[in-house]
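Lettering follows sequence order; numbering is per chain, from 1. Only a predicted model underlies this, so the values are computations on that prediction, with no experimental measurement involved.
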There are 2 protein chains.
Amino acid sequence: MVHHVTLRDVAEYAEVSVTTVSNVMRDWPYVSHKTRERVLGAIEKLGYTPHVVAQGLRTGQTQAIAFVVPDLSNPYFAAIVSAAEDVAQEHGYTLLIFNSHENSDREAVCIRRAARRWADGLLIAQTAGAHSSSLDGLVTPHVAIDRVPEGYQSPSCTLDNFRAGQLATQHLVDLGHTHIAHLGGPTHTRPAQERLRGWQSVLAAHGLPSHYVQHSGNSWGCDDGYTALQNLFSTGDVPTAVFASNDRMAVGALRAIQERGLNVPDDVSLVGVDDIEISRFLNPPLTTVRQPLEDMARAAIDLLLKLIHAEQLETTQVVLQPQLMIRQSTTSPRTGSAT
Amino acid sequence: MVHHVTLRDVAEYAEVSVTTVSNVMRDWPYVSHKTRERVLGAIEKLGYTPHVVAQGLRTGQTQAIAFVVPDLSNPYFAAIVSAAEDVAQEHGYTLLIFNSHENSDREAVCIRRAARRWADGLLIAQTAGAHSSSLDGLVTPHVAIDRVPEGYQSPSCTLDNFRAGQLATQHLVDLGHTHIAHLGGPTHTRPAQERLRGWQSVLAAHGLPSHYVQHSGNSWGCDDGYTALQNLFSTGDVPTAVFASNDRMAVGALRAIQERGLNVPDDVSLVGVDDIEISRFLNPPLTTVRQPLEDMARAAIDLLLKLIHAEQLETTQVVLQPQLMIRQSTTSPRTGSAT
DNA sequence: ATTGGAATATTTAACGTTTCACATTTCAGA
DNA sequence: TCTGAAATGTGAAACGTTAAATATTCCAAT
């Protein structure tokens, strides 16, 4: 490896002390115009660029934020990470990513690695359920994002998934549906639990029955929605409306419905959650509940940066509101042709 | 901030020298069983965990790899990054991500930041066109992935996009199509150029005309495919088959075709590239060309690690082969009803 | 006993910064 | 001309680790 240009090299070239060069770099005011010019010239000439690791050691700050994600290949999380990266860069921070693969053990490892003073702060979408084991005792500033264990009290930033479930279900009820099934997401995740609860609360408020399809899978994919709905059909139960816990599952459900020769929305109305890119382009375009992912990522990073800089926090638990996007996959049920 | 447990603390507690503790940590053989036990005990007791930044400064290795991506919110890149993260973690490396937003200037900034000795190596999917400006003169080991400038000679890892274009087009020709349009991806990207060339080469080999739809956009999204195909229709040209440069554009195209009251595949056959998750669940399921993203990411990281460890490389330019996935969006053209 | 090499442990000097404390210069005001 | 605070510069000590060199112990082979 070739020797790298250091502060010392610049100092020697410009015939000043190392400290002075450092001062120039850090825009310390008490450097005379003349020497500043000379130092700047030397820096330019030698192509000096600061050694972030050395700075990190000295200052105790790495200007990096770690993000522990359950599943990076999931477009939903990819979008969140993307937004987080933007905000982090804006503030001069670099994002480190750790994929926990929806596995609590791997997650714990990720957190431990991240906390080894790699990162100034930690952003985490927890895969674990109730026990927040891996996080407590963690000294590194951290903010929980998207998924938060029940009863979690530390700073966090989430979406109102309960409300999302309500919005979707209320929309179906308003259209006149009385036979509304739910395709639940992975039961160990908070968002899936909350959306389910939202759905239940609306049905209960209207005295309607809960035709719940608990999908057995461990993920939010298209095939989960597909097989879940196939299972429902195989029981002979055909609802007039289906609320899927996310858009990808809704896509799978859509396929299952169409394969059975039924029409969306005439025979079955369908609602998803997330409003991923393709939702608008499905046939029919999918009614869904939009989640402000970018806002969430932004809020979470803002929170984390305040934590890192030990600033005063007014609100420590940010909850963002979803928005119903009505498209063509939902309509009133046919009168008289139920089941 | 609370004082953090350091090697020195452990050393004092175990009543040995700092070096000995370091030696224990690094599994240096010449430590007696007795002291090793005592040190291990102290480490356990005090909860020591090494300071990666200090290690990085001392050893000159950060055990980190930077990945510069054009667009992280694109599921295609999310999948690549996800795979890369897996492989990196396997080897004990952490992934830093930089989003260049398809912008050469931002990309250059990312590269510069990454190269400030943050990362031991650099993985980059270049957004730039022919001029490899930001990379040359870069001392940090680097591997180009997925997108490589024309004539690029440094280590790289790519997919055979030319072949992908050929596979898709040949499939359509084999089915008997003679009127095959192409929806091109962003023209400044190598993959889009190559797929276009693959399409052209097959048409030329069969003496068929090139009904090329150049979409004006700067991205690979659904709406790009949608508007591109709408534009094509507005010229009165209705091909019997469409080859879209990726699946998302194909989804948009599918919608445009269906909105016009045409059927896929009876009126128009449709092929995409990538085989993203939803492709199998579309109506009809999309015929597409599968790209081995994980293999590419794995190969790229392997290459990069060898570069970092200055190992001998047998092959420096890896090219991976695509695979045609035939589904229900393609069929033979109707005889006699060609426009 | 003496030698010498392996085994075990320690001292010391880095790695490239920042920062504290101090030294020197400058210069307005008395 | 003298005073002292502001302006400008420097030296040295960290930050926590590793690695080379050195010191000490131990023990088998002479």
Side-chain angles (χ1 to χ4, degrees), chain A residues 1-40 42-43 46-64 92 115-120 139-140, chain B residues 1-40 42-43 46-64 92 115-120 139-140:
Chain A
M1 187 67 82
V2 279
H3 172 64
H4 186 261
V5 181
T6 151
L7 268 192
R8 185 196 195 98
D9 298 327
V10 177
E12 281 174 8
Y13 189 90
E15 296 178 307
V16 290
S17 77
V18 174
T19 309
T20 301
V21 182
S22 176
N23 287 338
V24 169
M25 285 298 294
R26 339 198 66 245
D27 287 321
W28 163 274
Y30 298 146
V31 178
S32 74
H33 184 70
K34 220 175 81 180
T35 49
R36 163 168 280 121
E37 288 299 303
R38 204 165 68 246
V39 170
L40 251 28
I43 288 173
L46 301 180
Y48 169 75
T49 153
H51 194 310
V52 230
V53 177
Q55 288 179 318
L57 177 59
R58 178 61 233 226
T59 62
Q61 303 244 314
T62 56
Q63 303 286 100
R116 286 191 189 184
R117 284 151 315 330
W118 245 116
D120 293 341
V139 289
T140 313
Chain B
M1 186 65 85
V2 280
H3 171 65
H4 187 259
V5 180
T6 150
L7 269 192
R8 185 197 193 98
D9 298 327
V10 177
E12 282 175 6
Y13 188 91
E15 296 177 306
V16 291
S17 78
V18 174
T19 308
T20 301
V21 183
S22 176
N23 287 339
V24 170
M25 286 296 296
R26 339 196 67 244
D27 288 320
W28 163 276
Y30 297 146
V31 178
S32 74
H33 184 72
K34 219 175 82 180
T35 48
R36 163 168 280 120
E37 287 299 302
R38 204 164 70 245
V39 169
L40 249 29
I43 287 172
L46 301 180
Y48 168 76
T49 153
H51 193 310
V52 228
V53 176
Q55 288 178 318
L57 177 59
R58 180 59 235 227
T59 63
Q61 303 243 315
T62 56
Q63 303 285 103
R116 286 191 189 184
R117 284 156 308 335
W118 247 117
D120 294 341
V139 289
T140 314

Pairs under 3.5 Å (N/O, protein and nucleotides 23-28 of chain C):
none

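- Annotation: proximity of residues 49-60 of chain B to DNA chain C (heavy atom, distance under 4.0 Å) is found for B:L57, B:R58, numbered in ascending order.
- Remark: A:E37 CD is packed, more than 12 non-hydrogen atoms of other residues, nucleotides or ligands lying under 6.0 Å away.
- Considering only heavy atoms from C-beta on, A:T49 comes within 4.5 Å of A:H4 through its side chain.
- Regarding contacts with the backbone of D:dT17, every side-chain N or O of B:R26 stays at 4.0 angstrom or more from both OP1 and OP2.
- If you take CD of B:Q61 and P of D:dG16, they are 22 Å apart, rounded to a whole angstrom.
- Shown here for B:L7 and B:S22, the closest heavy-atom pair between the two residues is CD1-CB, 4.0 Å.
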Could you list all N or O pairs between the protein and nucleotides 21-27 of chain D that sit under 3.5 Å apart?
none

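- Counting heavy atoms from C-beta on, the side chains of B:V39 and B:R36 never come closer than 4.5 Å.
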### Query
With the sugar-phosphate defined as primed atoms, P, OP1 and OP2, and the base as all remaining atoms, what B/S/- string results for nucleotides 4-11 of chain C, 5' to 3', for protein heavy atoms under 4.0 Å?
---SBSBB
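- No side-chain heavy atom of A:V53 sits under 4.5 Å from any side-chain heavy atom of A:L57.
- For B:R8 and D:dT18, the CZ to P distance is 15 Å, given to the nearest whole Å.
- For D:dA19, the OP1/OP2 oxygens have no side-chain nitrogen or oxygen of B:S22 closer than 4.0 Å.
- Summary for the helix from C:dA1-D:dT30 to C:dA30-D:dT1: the axes at its two ends, each from 5 pairs, differ by 50° when rounded to the nearest 10 degrees.
- Rounded to whole Å, the distance from CD on A:E12 to C1' on C:dG16 is 14 Å.
- As a whole-Å value, the separation of B:M25 CE from D:dT18 P is 8 Å.
- In this structure, the separation between CG on A:L40 and OG1 on A:T35 is 10.0 Å, given to the nearest 0.5 Å.
- What you find for A:R38 and A:E15 is that their closest heavy atoms are NH2-O, 3.7 Å.
- Here the P atom of nucleotide C:dT19 and the CG atom of A:L7 are 12 Å apart, to the nearest Å.
- Of all the heavy atoms in A:G60 and A:D120, the pair that sits closest is O-OD1, 4.1 Å.
- Looking only at side-chain heavy atoms (C-beta outward), A:Y48 and A:P50 come within less than 4.5 Å of each other.
- The two residues A:A42 and A:V10 have their closest heavy-atom pair at CB-CG1, 3.9 Å.
- Rounded to an integer number of Å, the gap from CG of A:L46 to C1' of C:dG16 is 15 Å.
- Taking the side-chain contact (heavy atoms from CB on, under 4.5 Å) definition, one finds that A:V52 meets it with A:Q55, B:R116, B:W118, sequence neighbours left out.
- Among all heavy-atom pairs drawn from B:T140 and B:A119, the shortest one is CG2-O, 3.8 Å.
- Summarising the geometry, the separation between NZ on A:K34 and C1' on D:dA7 is reported as 15 Å, rounded to the nearest angstrom.
- A:L46 contributes atom CG, which lies 10.5 Å from atom OG1 of A:T6 (distance to the nearest 0.5 angstrom).
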